[in-house]
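Below is one structure, written out as structure tokens; comments come after it.
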Amino acid sequence: MIFTTRDAQAVVQIMREVAVTEILPCWRNLPPGAIRFKTSIHDIVTDADVAAEVAITAKLRERFPGATIVGEEAAAANPALLDRLAEAEFAFIVDPIDGTKNFSAGLPLFGVIIGVATKGEVIAGFILDPVGDDVAIALRGEGAWIETPDGRHNDLQVAASAPLHDMTGCVAWNQLVEPVKTTVLTNLAKVRAAPSYRSGAHEYRMIAAGHYHFLLQGKIMPWDHAAGWLIHREAGGYSARFDGSPYNAATHSGGILCAPDKDSWHTLKEALFDVAADAVHSAKPDRVNALNQQG
């Protein structure tokens, strides 16, 4: 599947239009009742999420007729949509507002994410910051860059490798399950810093731009990771699921660790998962499942 620069610009235009019409008018302006819980009090959706996804989906269908479209909110209502990614020749994966908790709290750390995949292989990725109106873009094999509101392109490049004690990263440790959670939390003392911004959109942009060395998340739903994974890869980074297998948008378990290069990945994996990693090679199925079936 060929995804052209012209196609990419059409996606960017759609994202910016929907940000202006459906998202930004609601930021810091959500009416009572516009925020609802999905699976728990930690998993919320707003009217703006739903309206933005509907608008993005309609515009993508108009511009790319016949494409499969899998949006976070549509998949919440119909989980079977996820099964289409493994066989879809041309699929858009949409997160209308990533960082909904930040958005609902009036914080500027949220984004719009669209990934493009063919049979689970990601071929293009886009992460828009609606507040700054710039977008991180990657086309497979063509690099990654930030497109500014005035059309300038600033190339993205991951951080240089560093000793473990000097590495900084973004870690969503709340997504991990025991015993992996306790192991990772204990071992985070080995790195310099590991905050969470509650927005994969901004965390992927930051690691792709070299502001942090690594990212670790226990859930790999495709709308959260497909675009960011490719942007990080095209910026020179290396990533894999916790068991070392390659990322694919059609796979939704296993967690993901992103690093500047393969050696840094293995250094981080050994340091952060040392106890849990040993369990992968043991005969204890509960420890194996905890590491390999995140999310």
Donor-acceptor pairs under 3.5 Å, side chain of residues 187-197 to any protein atom, not counting sequence neighbours: which ones?
unit_1, atom_1, unit_2, atom_2, d
Asn187, OD1, Lys190, NZ, 3.3
Asn187, ND2, Thr183, O, 3.2
Asn187, ND2, Ala271, O, 3.2
Asn187, ND2, Leu272, O, 3.0
Asn187, ND2, Asp274, OD1, 2.8
Lys190, NZ, Ala271, O, 3.0
Lys190, NZ, Asp274, OD2, 3.2
Ser196, OG, Arg198, N, 3.4
Tyr197, OH, Tyr212, OH, 2.4

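- Nearest heavy-atom pair across Pro25 and Ala19 is CD-O, 3.9 Å.
- In this structure, Tyr204 has its ring center no closer than 6.0 Å to that of Trp229.
- Under a hydrophobic-cluster definition in which Ile, Leu, Val, Met, Phe, Trp and Tyr are linked whenever side-chain heavy atoms come within less than 4.5 Å, directly or via other members, Leu24 and Val12 are assigned to the same cluster.
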For residues 58-70, which side-chain donor-acceptor pairs fall under 3.5 Å, sequence neighbours excluded?
unit_1, atom_1, unit_2, atom_2, d
Lys59, NZ, Glu17, OE1, 3.1
Arg63, NH2, Asp7, OD1, 3.3

Evaluation steps, side chain to side chain contact (heavy atoms under 4.5 Å, CB included), between Trp223 and Leu82: CA-CA 10 Å; Trp223 41 80; Leu82 285 167; 3.5 Å; yes
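- Using a 30° and 60° split on the angle between ring planes, Phe242 and Phe273 fall in the tilted class, from 30° to 60°.
- Judged purely by atom type and a 3.5 angstrom limit, Gln175 uses its side chain to pair as donor or acceptor with the backbone of Gly218.
- Between Leu81 and Ala75, the shortest heavy-atom distance links the atoms CD1-N, 3.9 Å.
- Panel note: side chain Glu53, backbone Ala74; a donor-acceptor pair is recorded below 3.5 Å.
- Legend: residues meeting salt bridge (Lys or Arg N to Asp or Glu O under 4.0 Å) with Arg36, ordered by chain and number and at least two apart, are Asp47.
- The side-chain heavy atoms of Gln9 and Arg6, taken from C-beta on, include no pair separated by under 4.5 Å.
- For the pair Arg205/Ile231, no side-chain contact is recorded, criterion being any heavy-atom separation below 4.5 Å from C-beta on.
- Side-chain contact between Thr46 and Leu30 is present, with at least one heavy-atom pair separated by less than 4.5 Å.
- Ile127 and Leu109 fall within a single hydrophobic cluster, where Ile, Leu, Val, Met, Phe, Trp and Tyr are joined by side-chain heavy atoms under 4.5 Å apart, directly or via other members.
- A side-chain donor from one of Asp98 and Ser199 sits under 3.5 Å from a side-chain acceptor of the other.
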Working for side chain to side chain contact (heavy atoms under 4.5 Å, CB included), residues Arg140 and Glu234: CA-CA 7 Å; Arg140 194 166 187 134; Glu234 291 294 322; 4.1 Å; yes
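- Put simply, the side chain of Trp265 gets close to the backbone of Leu257: a donor and an acceptor are under 3.5 Å apart.
- Judged purely by atom type and a 3.5 angstrom limit, Arg241 uses its side chain to pair as donor or acceptor with the backbone of Ser253.
- Listed by chain and residue number, nothing satisfies the side-chain hydrogen bond (donor to acceptor under 3.5 Å, both in side chains) test with Thr5 (two or more places apart in sequence, or in another chain).
- Using a 4.5 Å heavy-atom cutoff, the side chains of Phe110 and Val131 are in contact.
- In this structure, the separation between CG on Leu85 and CG on Asp83 is 8.5 Å, given to the nearest 0.5 Å.
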Any chance you could lay out the side chain to side chain contact (heavy atoms under 4.5 Å, CB included) test for Cys258 and Ile207, step after step, and finish with the verdict? CA-CA 9 Å; Cys258 303; Ile207 64 166; 3.9 Å; yes
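- Within the 4.5 Å cutoff, the side chain of Leu164 has heavy atoms near those of the Leu268 side chain.
- Val54 and Val20 sit in two unconnected hydrophobic clusters of ILVMFWY residues. Membership requires side-chain heavy atoms under 4.5 Å apart, directly or through other members.
- A side-chain donor-acceptor contact under 3.5 Å links Glu178 to the backbone of Thr182.
- In terms of heavy-atom proximity, Ala250 sits nearest to Asn248 at N-OD1, 2.8 Å.
- Rounded to the nearest 0.5 Å, atoms CG (Asp49) and CD1 (Ile44) are 8.0 Å apart.
- Around NZ of Lys38, the count of heavy atoms belonging to other residues, nucleotides or ligands within 6.0 Å exceeds 12.
- The shortest side-chain heavy-atom distance between Ile23 and Phe103 falls under the 4.5 Å cut-off.
- Under the salt bridge (Lys or Arg N to Asp or Glu O under 4.0 Å) criterion, Glu142 pairs with no residue, sequence neighbours left out.
- Under a 4.0 Å N-O distance rule, the pair Arg152/Asp134 does not qualify as a salt bridge.
- In the hydrophobic clustering of this structure, Leu156 does not group with Val158; members are Ile, Leu, Val, Met, Phe, Trp, Tyr whose side-chain heavy atoms approach within less than 4.5 Å, directly or through other members.
- Taken to the nearest 0.5 Å, the CD atom of Glu121 stands 10.5 Å off from the CG atom of Leu230.
- Here CZ of Arg233 is found 8.5 Å from OG of Ser239. Values are rounded to the nearest 0.5 Å.
- Taking each heavy atom of Ser264 and Ser161 in turn, the nearest pair found is OG-CB, 3.5 Å.
- Distance CZ/Phe90 to OG1/Thr118: 9.0 Å, rounded to 0.5 Å.
- In summary, Lys119 and Glu89 engage in a salt bridge, as defined by a charged side-chain N under 4.0 Å from a carboxylate O.
- Take Tyr238 and apply the side-chain hydrogen bond (donor to acceptor under 3.5 Å, both in side chains) test, not counting sequence neighbours, and it matches no residue.
- A donor-acceptor pair is defined here as one N or O able to donate and one able to accept, closer than 3.5 Å; such a pair exists between the side chain of Thr100 and the backbone of Ile97.
- With salt bridges taken as basic N to acidic carboxylate O contacts below 4.0 Å, none links Lys219 and Asp224.
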Check step by step if side chain to side chain contact (heavy atoms under 4.5 Å, CB included) holds for Phe92 and Ile56. CA-CA 10 Å; Phe92 288 93; Ile56 290 170; over 6 Å; no
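- Residues Val94 and Val45 fall into different hydrophobic clusters, defined by Ile, Leu, Val, Met, Phe, Trp and Tyr side chains chained together at heavy-atom separations under 4.5 Å.
- Between Ile146 and His153 there is no side-chain heavy-atom pair separated by less than 4.5 Å.
- Annotation for Val112 and Pro130: closest pair CG2-CG, 4.0 Å, computed over non-hydrogen atoms.
- Here Ile14 contributes atom CD1 and Leu128 contributes atom CG; the two are 12.5 Å apart, rounded to the nearest 0.5 Å.
- Using a 4.5 Å cut-off on side-chain heavy atoms (C-beta onward), His202 and Asp129 make contact.
- The two residues Ile35 and Ser104 have their closest heavy-atom pair at CD1-CB, 3.7 Å.
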